[in-house]
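Values below: all heavy atoms of this structure, side chains included; hydrogens, waters and symmetry mates excluded. Owing to the predicted nature of the structure, the values given are computational and were not obtained by experimental measurement.
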Amino acid sequence: MISSNSYADRNAEIRKACAQLPTYQQQGARLYQQKNYSKALDAFENQAAYTHFCLLNQDEFAKSAQTLTETNLATAYNNVGLTHTKLGQYAWAKAWYALRPEDKKSQYNLSKLPKQLYTDQKIAGEYVRYAGQGAWNRLEVSDQGDHYTIQFYGLRMGLLALIYGPNLGEFTIEMPKKVAEKTNTHAEYHYEDCQIDLDFSNHSLNEQFITVKQHQGDASSCGFGFGVYADGAYHKVK
């Protein structure tokens with residue numbers, strides 16, 4: 001049983017964390033107006049992370065904090081996306097806009113992106129899937145000559161992840177470039193009774209992604225921390 005003092009301490013930490021939110025928003029706006037986009041990106045990423053965190057926690061734990069809505073969260077995500085756009089990082093911008101595709105700001109900003117987000121169809125690069133609270137699960141693919149090295153870095157962003165940290169999971173595998181003289185776009189990770197399939201779709205200059213399917217067993221049987229799963233679509237951002 002958690003004591004009332006523990007709840008009070010946790011609530012105090014949440015209120016302290018959420019009190020930083022207006023500062024991040026103001027810093028980002030000021031730096032963006034100054035065209036200092038690299039530093040504005042850091043501030044807006046913090047705004048997005050804490051907006052999601054405080055939105056998740058406000059009803060039960062932080063009633064005295066600023067009231068937030070899904071509209072606030074969409075605005076925060078779009079602030080990050082717009083800053084990536086200013087930096088010419090269009091695939092990253094699309095990833096942030098796409099977190100709230102029903103929002104009119106997101107729809108407008110998505111419509112303004114270049115039709116071609118990538119300059120080539122190479123498999124090597126960084127692919128991401130949103131984990132929540134400003135954090136992303138990542139697949140990093142590096143070209144090693146006759147094969148690719150694929151590294152997975154997964155997160156489970158629990159309710160208080162920005163205070164106590166996320167649960168983690170990772171693996172590293174190799175994928176041959178050719179199988180039976182044909183270009184290979186499939187890789188597998190095996191660990192005990194866990195199998196994870198990775199299928200690459202890099203045939204377009206507008207959308208490149210990896211479809212990941214986790215079979216058999218739970219997250220712990222894959223060697224990951226509690227609640228960490230690899231499943232999902234990972235979109236290439238660089």
Side-chain angles (χ1 to χ4, degrees), residues 45 48-49 52-53 56 84 89-96 98-99 101 117-238:
E45 285 179 339
H52 194 193
F53 170 83
L56 289 172
H84 276 296
Q89 299 165 351
Y90 302 120
W92 258 123
K94 182 179 180 180
W96 281 96
L99 293 177
L117 299 181
Y118 311 106
T119 58
D120 57 56
Q121 294 168 248
K122 294 179 180 178
I123 281 178
E126 182 178 4
Y127 301 74
V128 299
R129 178 175 64 84
Y130 196 54
Q133 298 177 53
W136 297 80
N137 297 299
R138 294 182 291 126
L139 282 165
E140 295 184 358
V141 183
S142 57
D143 191 328
Q144 303 296 328
D146 63 345
H147 69 275
Y148 298 102
T149 296
I150 303 171
Q151 295 175 288
F152 167 73
Y153 303 96
L155 303 168
R156 177 183 180 271
M157 301 297 290
L159 199 60
L160 302 178
L162 291 189
I163 296 175
Y164 301 122
N167 293 341
L168 307 174
E170 59 182 62
F171 65 73
T172 300
I173 56 174
E174 294 182 355
M175 182 178 82
K177 288 186 175 181
K178 297 283 186 179
V179 174
E181 302 305 317
K182 294 182 179 180
T183 300
N184 184 29
T185 58
H186 178 80
E188 295 179 4
Y189 167 71
H190 296 271
Y191 182 86
E192 297 181 353
D193 66 340
C194 170
Q195 176 180 325
I196 297 175
D197 293 326
L198 300 89
D199 290 288
F200 288 78
S201 297
N202 285 57
H203 46 73
S204 166
L205 292 178
N206 185 49
E207 187 165 16
Q208 299 180 12
F209 58 94
I210 307 171
T211 301
V212 180
K213 293 183 179 179
Q214 185 170 320
H215 309 280
Q216 306 173 13
D218 56 20
S220 62
S221 70
C222 294
F224 305 154
F226 175 77
V228 180
Y229 289 90
D231 272 352
Y234 292 70
H235 290 267
K236 190 176 183 181
V237 290
K238 64 180 180 180

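C222 contributes atom SG, which lies 6.5 Å from atom OH of Y189 (distance to the nearest 0.5 angstrom). Atoms NE2 and NE2, on H215 and H190 in that order, are 9.5 Å from each other to the nearest 0.5 Å. Rounding to the nearest 0.5 angstrom, the gap separating the CD atom in Q151 from the CD atom in E174 is 10.5 Å. Remark: I210 CD1 to D197 CG distance equals 12.5 Å, nearest 0.5 Å. Within the model, atoms CG of N137 and CZ of R129 stand 4.5 Å from one another, a figure rounded to the nearest 0.5 Å. For the atom pair H235 NE2 and W136 CH2, the distance stands at 9.0 Å (nearest 0.5 Å).
Relative orientation of the W96 and H84 rings is parallel, given thresholds of 30° and 60° on the angle between their planes. Between H52 and Y130, the two ring planes are parallel [angle under 30°; tilted spans 30° to 60°]. The aromatic rings of F152 and F224 lie tilted to each other, with the angle between the two planes from 30° to 60°.
Between I173 and I196 there is no side-chain heavy-atom pair separated by less than 4.5 Å. A heavy-atom distance below 4.5 Å is not found between the side chains of L198 and Y234. Annotation: side chain of M175 is in contact with side chain of I123 (closest heavy-atom distance under 4.5 Å). Contact of the N184 side chain with the K178 side chain is not registered, since no non-hydrogen atoms from C-beta on lie closer than 4.5 Å. In this structure, K94 and N206 have side chains that are in contact, with non-hydrogen atoms separated by less than 4.5 Å. Y153 has its side chain out of reach of L168: every pair of non-hydrogen atoms, C-beta onward, lies at least 4.5 Å apart. Proximity of V237 to Q89: side-chain heavy atoms (C-beta onward) are nowhere separated by under 4.5 Å.
Between the side chain of Q121 and the backbone N or O of H203 there is at least one donor-acceptor pair closer than 3.5 Å. Side-chain atoms of Q133 come within 3.5 Å of backbone atoms of G158 as a donor-acceptor pair (strictly under, hydrogens ignored). Side-chain N or O atoms of R156 include none that pairs as donor or acceptor with a backbone N or O of G169 at under 3.5 Å. Between the K236 side chain and the A124 main chain, a donor and an acceptor come within less than 3.5 Å of each other. At distances below 3.5 Å, not a single donor-acceptor pair connects side-chain atoms of Q144 with backbone N or O atoms of T149.
Between V128 and E126, the closest heavy-atom pair is CG1-OE2, 4.1 Å. A pairwise comparison of heavy atoms in A230 and V212 identifies O-CG1, 3.3 Å as the closest pair. What you find for A131 and L155 is that their closest heavy atoms are CB-CB, 4.2 Å. Between F53 and L159 the shortest heavy-atom distance is CE1-O, 3.5 Å.
Checked against the 6.0 Å centroid threshold, Y148 and F200 do not count as a close aromatic pair.
A salt bridge between D199 and K213 is absent, with no side-chain N of the basic residue lying under 4.0 Å from a carboxylate O of the acidic one.
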For this session: Starting from the C-alpha separation in whole Å, work towards a yes-or-no answer on side-chain contact (heavy atoms from CB on, under 4.5 Å) for D143 and K177.
Result: CA-CA 9 Å; D143 191 328; K177 288 186 175 181; 2.8 Å; yes
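No donor-acceptor contact under 3.5 angstrom links the side chains of T172 and E170, judged on distance only.
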